[in-house]
Number of protein chains: 2
Amino acid sequence: MAEQNIDEPKAAGAAAEWIDGETKVLEAPGDHGAELRLWLRLLTCSTLVETEVRRRLREEFDSTLPRFDLMAQLERASDGMVLGEVSKRMMVSPGNITVLVERLAESGHISRTTSPTDRRVQIIALTPFGRTEFEKMAAAHAGWIADLFGGLSTKDGAVLLDELAKLKRSIVGSLGKAGRPA
Amino acid sequence: MAEQNIDEPKAAGAAAEWIDGETKVLEAPGDHGAELRLWLRLLTCSTLVETEVRRRLREEFDSTLPRFDLMAQLERASDGMVLGEVSKRMMVSPGNITVLVERLAESGHISRTTSPTDRRVQIIALTPFGRTEFEKMAAAHAGWIADLFGGLSTKDGAVLLDELAKLKRSIVGSLGKAGRPA
DNA sequence: ACAAATAACTTTAAGCTTGAAGTTTTTCGA
DNA sequence: TCGAAAAACTTCAAGCTTAAAGTTATTTGT
């Protein structure tokens, strides 16, 4: 493991590391080591937080992150939201939403109606029960995140937020270039 | 696959946003808005990259990220690696590895042997075929990441790497505090 | 008006992932 | 030594996720 002060980030995409080893560094073709290290570290942070959030949602609320996210989308839409819109906002496939909605409707957290003006469209909304439950979860969630990120100074937080904005522009720019449908 | 909106970061954990809305900002209890925004942005970057990597692994190599990661772990271990060690390094459950190993063994990418000294232990290693395949994928992967992160200046990359190190310390510190087993 | 295209889901098949429970081996302690 | 405990998986049930194919409903082009 390279000389990093914090210990090994090995998760998904971890092919990164082999550039670190003295063995491979010699033959590095375009030397993408810096980017790989960055990606690996980003992924590690993200995975650590996500794993912890999942764990606590399960243990403290017997729920899951996807369900929480779906309810979060609905929280601000008091009139409900079209299924396709939820899918886009959550960046997941429509089929996925269908399944989640089924479960959340069964458990009484959300309601689902067919649009009166377009019978293809499904409108989903939090039920009062769902809203109450979500508010409890959201408050707890905010606390967890605050704890996990709390070791960062205000300044570091601001810098990180800014650098991540730049990174996002880089990513989106790169994705846009290759003629993938927007 | 739904075309996902790139602009708004709404993915997993997105309860964040409701602090942004004028509605909620008034009653923010401990005001964890800064941390939530940071988390949301981090997650967005990570998700965008991961989704793209998965897509390309599938389209260009008919493979998956978990398989790639598993092979990446083996790449540097020419003598093979114990299954439990792989599980720890990849930060996933042992049962998960069992399944992945089965598939990769079937396809001839890895070999699997029972340790001669301890018959509980499974040792897995890349086959020559697996190694060749992995090297192709790894080279492509490094290029994808370089593209995605390439819009970042060297300076920004360095700053981001540093801030992420601080963040990771914050996270790990926070996780450590609550007496969860390491 | 009406057929073709488009939209908005839903269904399906396949793969990933986990926590919990189960199996086989080793190790440890009295 | 020998039985209990621990280790290292494996199996299982459930849930998430996606791409692709299928349905039903609405729009469009002519």
Side-chain angles (χ1 to χ4, degrees), chain A residues 11-13 47 50-59 61-70 80-107 112-124 180-181, chain B residues 1-4 11-13 47 50-71 80-107 112-124 180-181:
Chain A
T47 301
E50 207 174 313
T51 301
E52 178 67 3
V53 169
R54 284 180 196 278
R55 191 181 66 77
R56 299 187 79 147
L57 279 175
R58 177 171 39 76
E59 293 186 356
F61 295 99
D62 193 27
S63 189
T64 68
L65 193 45
R67 290 176 198 195
F68 177 71
D69 286 340
L70 178 36
M81 201 178 254
V82 170
L83 210 150
E85 175 67 14
V86 177
S87 163
K88 272 181 212 137
R89 288 192 189 234
M90 288 180 67
M91 308 198 286
V92 301
S93 68
N96 193 342
I97 301 295
T98 296
V99 176
L100 286 174
V101 164
E102 259 161 34
R103 303 274 164 84
L104 281 169
E106 270 171 34
S107 60
R112 128 190 257 178
T113 339
T114 300
S115 163
T117 63
D118 184 339
R119 292 192 308 183
R120 290 170 305 179
V121 171
Q122 297 289 312
I123 296 168
I124 56 182
R180 213 169 0 285
Chain B
M1 158 85 166
E3 286 321 329
Q4 331 229 293
T47 301
E50 206 173 314
T51 301
E52 178 67 3
V53 168
R54 283 179 198 279
R55 191 181 66 78
R56 301 187 78 148
L57 278 174
R58 176 172 39 76
E59 292 185 357
E60 297 180 25
F61 295 99
D62 191 29
S63 190
T64 68
L65 192 47
R67 288 175 200 195
F68 176 72
D69 286 340
L70 178 37
M71 288 194 279
M81 201 178 254
V82 169
L83 209 150
E85 176 67 14
V86 177
S87 164
K88 271 181 215 136
R89 288 190 190 234
M90 288 180 67
M91 307 199 286
V92 300
S93 67
N96 194 342
I97 301 295
T98 296
V99 176
L100 287 173
V101 163
E102 259 160 33
R103 303 275 161 85
L104 282 168
E106 269 171 33
S107 61
R112 127 190 259 179
T113 339
T114 299
S115 163
T117 63
D118 184 337
R119 294 191 307 183
R120 290 171 305 179
V121 171
Q122 297 290 309
I123 296 167
I124 57 182
R180 210 167 5 283

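Throughout, protein chains are lettered first and strands after them, A, B, ... in sequence-line order, and every chain is numbered starting at 1.
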5'-most contact on DNA chain D: B:Glu102 or A:Thr117, nearest heavy atom basis? B:Glu102

Using side chain to side chain contact (heavy atoms under 4.5 Å, CB included) as the criterion, list what pairs up with B:Thr113, not counting sequence neighbours. none

Using side chain to side chain donor-acceptor pair (under 3.5 Å) as the criterion, list what pairs up with B:Ser107, not counting sequence neighbours. B:His109

Residues forming a salt bridge (charged side-chain N to carboxylate O under 4.0 Å, His left out) with B:Glu85, sequence neighbours excluded: B:Arg89

Can you list everything that forms a side chain to side chain donor-acceptor pair (under 3.5 Å) with B:Ser115? Sequence neighbours excluded, please. B:Thr117

Among residues at least two apart in sequence or on other chains, which ones pass side chain to side chain contact (heavy atoms under 4.5 Å, CB included) with A:Arg120? A:Asp118

With heavy atoms of chain B within less than 4.0 Å as the criterion, where does contact along DNA chain C begin and end? C:dG15 to C:dT26

What pairs with A:Leu57 under side chain to side chain contact (heavy atoms under 4.5 Å, CB included), at least two apart in sequence or on another chain? A:Val53, A:Phe61, A:Leu65, A:Phe68, A:Met137, A:Trp144

When you check every protein heavy atom under 4.0 Å of nucleotides 4-9 of chain D, what one-letter string (B, S, -) results, 5' to 3'? ---BSS

Residues that A:Arg58 engages under side chain to side chain contact (heavy atoms under 4.5 Å, CB included), provided they are two or more places apart: A:Arg55

For nucleotides 12-16 of chain D, print each protein N/O atom paired with a nucleotide N/O atom at under 3.5 Å, atom names and distance only.
unit_1: D:dC16; atom_1: OP1; unit_2: A:Thr64; atom_2: OG1; d: 3.2
unit_1: D:dC16; atom_1: OP1; unit_2: A:Arg67; atom_2: NE; d: 3.1
unit_1: D:dC16; atom_1: OP2; unit_2: A:Arg103; atom_2: NH1; d: 3.1

Those residues at least two apart in sequence (or on a different chain) that pass salt bridge (charged side-chain N to carboxylate O under 4.0 Å, His left out) with B:Glu60 are B:Arg56

What pairs with A:Arg112 under side chain to side chain donor-acceptor pair (under 3.5 Å), at least two apart in sequence or on another chain? A:Gln122

